[in-house]
Each structure stands twice: as structure tokens, then as C-alpha cells.
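We name chains A, B, ... by the order of the sequence lines, and we start the count at 1 in each one. Note that the coordinates shown come from a computational prediction; the quantities given were computed from them, not determined experimentally.
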Protein chains: 2
Amino acid sequence: MKALVIEDDVNIAELLRIYLEKEGFEVRLAADGEKGVGEAKSFSPDIVLLDIMLPVMDGWAVCKSIRKISKVPIIMLTAKGETADKVKGLELGADDYMTKPFESKELIARIRAVLRRYGKDAAGGRVLEFDRLVINMDAYELIVDGKKIDTPPKELELLFHLASSPNRVYTRNQLLDEVWGFDYFGDSRTVDVHIKRLREKLENVSDKWTLKTVWGVGYKFETAGD
Amino acid sequence: MKALVIEDDVNIAELLRIYLEKEGFEVRLAADGEKGVGEAKSFSPDIVLLDIMLPVMDGWAVCKSIRKISKVPIIMLTAKGETADKVKGLELGADDYMTKPFESKELIARIRAVLRRYGKDAAGGRVLEFDRLVINMDAYELIVDGKKIDTPPKELELLFHLASSPNRVYTRNQLLDEVWGFDYFGDSRTVDVHIKRLREKLENVSDKWTLKTVWGVGYKFETAGD
DNA sequence: CCATGCGTTAACAAAATGTAAAAAAACGCG
DNA sequence: CGCGTTTTTTTACATTTTGTTAACGCATGG
């Protein structure tokens, strides 16, 4: 799965590269619009991330040019507050729209969503199923016995993260970094509270899995069969 | 599996060496940035731990230099409170971030996580198996005949440590240093109590191994067949 | 048979977690 | 923009679990 990033700010471009490579993408960077269009031809990416503010040829023009030669999904990147541009971008053939500064999770989620619309999803890990339980991060839904359970986003993200690697222990700080974000600065007891609320929602659902405390270490999503 | 530590404070560097060697890493230390970059080339480590505050060339510069020549995973080490720097570090190509003072558990967990992302996880080392017994430090589980035995962390860590080097004798003070931590000051009889409780849990499980007292010296995890 | 080291137990202290409720922040809506 | 609502975070306290110490008696070795 290949991703092309068209972005003149090196720091942001490299940050995107890190996020994407962690997700298993092969990444190529282009620092201006012309190069970007060129790479769109020769590299034939599966997805394009395109900054609006570019030197020489702006994002809109690049978007138009790429659309002439390819149906590759395009996600536009823009500075905060320019909401009006959204419509313009979508008219020109962009598939989604993201505001800087963005979070890795958000970005990845959108990329997955766009790719799915194109039927190209990368071996999706966005939906997990366990006995009587479904965690669907595409719809942000928690489902028990086919019945939706109203769950706030953070709780769901935490559960999803733990359930992504069953039986593996995560420390509170790990969870804060990986679910809340690297730059989050807060009390690690916050995790406890979310765990408690998840347990309330999930108690007595199944004996094949459970949210377990590993005393002195952290939490894990424990499965029986494994 | 090789680890490079770039850190000017000798105490911290040596502490890291102990932690890492305990986990089976081959460790090399570099006291400043230049040497660090040099070692990154010649030693070709599997992971780099990099302090931000370094004399001559600071951590950011070192990170950048290493990134030019290698894709080796880098974990940045920093003093507490400098949260903003997290983003900077990640932009420059670091893979994770740790705040001093750190705990051995946390550090090891993060290293494992980063290596896992790179698909290089040292599978060996975290899970030990002996006749009818499994010690799994990823899940913090002690398993006898496929059945989990509830075990407090310290006990499990002690057992794991002893079983990591079967038939090797450890003195109580060694165990206190290596399991409890070099900065622990307490009665060495504490070890006895933990050993006793482990023996309770493990008695009559197998005749192929045993927790043996070496009179006047300490303890060892003795195996028969080996 | 004495001095020392070890096993064992129980009680205590310390640390980590569970829980509930309040405060703060984010969100949706008119 | 201000309001009420929901979500998230913090705080404080109760509870549980674990770690440590101290005491006593047995085992070991000289």
C-alpha cells in the first residue's frame, strides 16, 4: 500500500511519514505541487495527502491535475479555521479533508475510511470481534449481542486498543501515550476511571474474555481460548 | 539483539545497561553525541536510547544525524515536564519517548513495543517454558499445566529472573539489585519470603526443576535434564 | 553443641486499585 | 454566542492486594 505526501513543510512531511510507515505504508514525499503531480503518475500511490498551501502551484490546482490523470483518493490538508474551503476541495475531487494540526489516530482513521470507500482497504484491523462482542471503530460502535451500547469515544478507543493485542499487558502510561496521544499530559488514574466504566458496560457479557488488572503493572484484555 | 545508549550521565547509563542486559541485550554506551553517531554506524544496534541533554551535540541533532544513515528505532530520554518536546522528537524521527526517572518495567515495555512495530521483536526472553510450567512476562502470567496461577508481580519477576539463567546461583543481594532495583535498601530476608511463596505455588509440579537453596550463598532455579 | 543461616508464619505498613462524585472541558443546538 | 448536555478529567476516600518486617524454631556445619 503506497502513500504520496505533497507538503512543503519538511517537519510536517516527516511527521506524516512516521505515522504512515508505522501503519505499513510505503511513503513518498513531494515538496511542491509539480513534483507531486509527477509522483502521482510515476509512483502510482494508493492514497494522496495534499497540502493546500503550496509554493508555485497551490493544492487546488494540484488536486485538479491529479484528477485528470488518476482516480487515486486524495485527502486535503489545511490550516485550522478555513472551513469554507472544504466545499471547494470536495468539488474539485478531493475525498476528505483534514485540519492541521492533526492527530495520528484521526489521520489513519480517515485514510482507512477513504480507502474502504474505494474498496482497497488495507487488511482492515478496524473491526474486532470476540464472543458476543463487536468493536467497530469505523462506526465507533460497541455492540453486544447485536445490540448497540452507547459508549463515549475515549472508552471505545481504550477498549479497542487493549483488545487489539489480547492478553498483552499495557501500563497506564503506555495507554496514555498510545490512546490519548504522545503529547498528553495528565493523571494516569484517568485510565482507571475509563476502565471502570467499560467494566460496567461489559460485565457479565462473556466469560471468554475480560478486562483484567495486572497488579503493579497495568491492564489487559484477557481471552480464555488463547 | 543490540542496544546503544547515548547518555552522558554515567549513573543513568550504567543503570540502563543493567536493565537492558537483564533483558538479554548486548549493550554499548556512548557518552556524547559524536561518539553516539559513530557507534550507530559501526555497532549497528537494533535500538537506540538517546538522551536529549547531551554535551557538544544535543539529542535532537544526534537523532537527525542517525536518521540520515539508519532507520534504527530511537527512543528519546528526557527530564520531566518538557512535554512540548515530544512532538519535536517525533518529527525528527524518534519512535518513542521516555521521561526520567523511568522504571525498568516501563522502559522494557516501550522497547518491546517499538521493536514489535518494526517486526523485530526478540520473541525469546519474555516467555520461558519448562516442564509443565510457563512464565509469560508479556501477559504477566504464571501457567502450570495450562492453568493460570494468580501470582503477585514481585514473585513473578523473581521467578522469571531466576529461571532466566537456570542453575545459576544468585545471592540475596544480587536478587535485590536485579529484581527490586539497585536503589532498593531493605532486609535481604525479604527474598526468603518471596521464595517461600513461590515454592508454595510450585510444589509438586515437576521433578525436572526446582527452586533450590544454596546454603550460605543464595538461591537458584535448578533444572534436571539440562 | 554452639553459632549462624534458613524456613515459616503472622502481623503490619505501604502501595495500587476501585469507586463515586465533583469539576472542567468539549460538544451540540438554538 | 450563550445555554444545557455529554464526555472527560480530577479529586478524594475506601478497599484490596502486596511487600516487608519481626519473631521463633529448625537445620546446618564446624
Side-chain angles (χ1 to χ4, degrees), chain A residues 80-81 83 99 101 103 105-106 140-142 148-162 169-177 179-181 183-203 210-220 222, chain B residues 83 103-106 140-142 148-162 169-181 183-203 210-220 222:
Chain A
K80 200 165 186 176
T83 325
T99 306
E103 291 172 49
K105 266 176 298 155
E106 169 109 21
Y140 261 79
E141 279 174 353
L142 177 65
K148 226 194 288 181
I149 304 225
D150 232 26
T151 311
K154 268 277 163 353
E155 278 176 43
L156 201 56
E157 285 162 18
L158 175 61
L159 177 62
F160 175 76
H161 197 262
L162 287 167
V169 183
Y170 292 85
T171 67
R172 290 176 176 70
N173 283 327
Q174 267 183 306
L175 291 169
L176 285 179
D177 274 359
V179 177
W180 273 256
D183 48 358
Y184 180 82
F185 190 80
D187 195 324
S188 69
R189 297 302 305 279
T190 295
V191 178
D192 302 28
V193 177
H194 283 83
I195 289 282
K196 190 215 171 237
R197 290 178 184 153
L198 279 170
R199 282 176 173 157
E200 274 172 6
K201 293 184 174 72
L202 298 175
E203 72 183 347
T210 178
L211 281 175
K212 195 159 186 179
T213 302
V214 180
W215 212 93
V217 185
Y219 297 99
K220 66 178 169 180
E222 191 174 77
Chain B
T83 325
E103 292 172 48
S104 97
K105 271 183 229 165
E106 187 85 31
Y140 260 80
E141 279 173 352
L142 177 65
K148 277 173 220 161
I149 305 223
D150 240 23
T151 311
K154 268 278 168 346
E155 280 177 40
L156 201 57
E157 286 160 17
L158 174 61
L159 177 62
F160 175 75
H161 196 259
L162 287 167
V169 185
Y170 292 85
T171 67
R172 289 176 177 70
N173 283 328
Q174 267 183 307
L175 292 170
L176 285 178
D177 276 357
E178 294 165 11
V179 178
W180 273 256
D183 53 353
Y184 178 84
F185 296 100
D187 192 339
S188 70
R189 297 300 306 279
T190 295
V191 178
D192 301 28
V193 177
H194 283 83
I195 289 283
K196 196 255 169 190
R197 290 175 183 160
L198 279 170
R199 282 175 173 156
E200 272 174 8
K201 293 184 174 72
L202 298 175
E203 71 184 346
T210 178
L211 282 175
K212 197 158 187 178
T213 303
V214 180
W215 213 90
V217 185
Y219 299 97
K220 67 176 169 179
E222 191 174 74

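- Residues forming a side-chain hydrogen bond (donor to acceptor under 3.5 Å, both in side chains) with A/Glu203 (at least two apart in sequence, or on another chain): none.
- In this structure, the side chain of A/Arg199 engages the main chain of A/Leu211 through a donor-acceptor pair within 3.5 Å.
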*Could you check A/Leu175 against A/His161 for side-chain contact (heavy atoms from CB on, under 4.5 Å), going step by step and ending with a plain yes or no?*
CA-CA 8 Å; A/Leu175 291 169; A/His161 197 262; 3.9 Å; yes
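- Spacing between atom CZ of B/Arg199 and atom C1' of C/dG7 amounts to 8 Å, rounded to whole angstrom units.
- Atom CD1 of A/Ile195 is separated from atom OH of A/Tyr219 by 5.5 Å, given to the nearest 0.5 angstrom.
- Within the structure, every side-chain polar atom (N or O) of B/Tyr219 is placed at least 4.0 Å from both OP1 and OP2 of C/dG5.
- The stretch residues 185-195 of chain B touches DNA chain C through B/Arg189, B/Val193, each having a heavy atom under 4.0 angstrom from the strand.
- Within 4.0 Å of A/Arg197, counting heavy atoms only, lies at least one base atom of the nucleic acid.
- Between B/Lys148 and A/Glu222 there is a salt bridge, with a side-chain nitrogen of the basic residue lying less than 4.0 Å from a carboxylate oxygen of the acidic one.
- Inter-residue side-chain proximity for B/Asp150 and A/Trp215 is flagged as unmet; no heavy-atom pair is nearer than 4.5 Å.
- Between the CH2 atom of A/Trp180 and the P atom of C/dA25 there is a distance of 17 Å, rounded to whole Å.
- In this view, A/Val193 and A/Arg197 satisfy the side chain to side chain contact (heavy atoms under 4.5 Å, CB included) rule, not counting sequence neighbours.
- Note that the two end axes of the helix from C/dC1-D/dG30 to C/dG30-D/dC1 enclose an angle of 40°, each drawn from 5 base pairs, rounded to 10 degrees.
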Donor-acceptor pairs are to be reported for all side-chain atoms of residues 151-159 of chain B against protein atoms at under 3.5 Å, with residues two or more places apart or in another chain.
| from | atom 1 | to | atom 2 | distance (Å) |
| --- | --- | --- | --- | --- |
| B/Thr151 | OG1 | B/Ile149 | O | 2.8 |
| B/Glu155 | OE1 | B/Lys201 | NZ | 2.8 |
| B/Glu157 | OE2 | B/Tyr140 | OH | 2.9 |

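- Going from atom CG of B/Leu198 over to atom C1' of C/dC6 covers 16 Å, rounded to whole Å.
- Protein atom CG of B/Leu211 is 15 Å distant from nucleotide atom P of C/dC6, rounded to whole Å.
- One finds a side-chain N or O of B/Lys196 lying less than 4.0 angstrom from the OP1 or OP2 phosphate oxygen of C/dT9.
- Taking every nucleotide of DNA chain D with any atom under 4.0 Å from a non-hydrogen atom of chain A, the first and last of them, 5' to 3', are D/dT7 to D/dT18.
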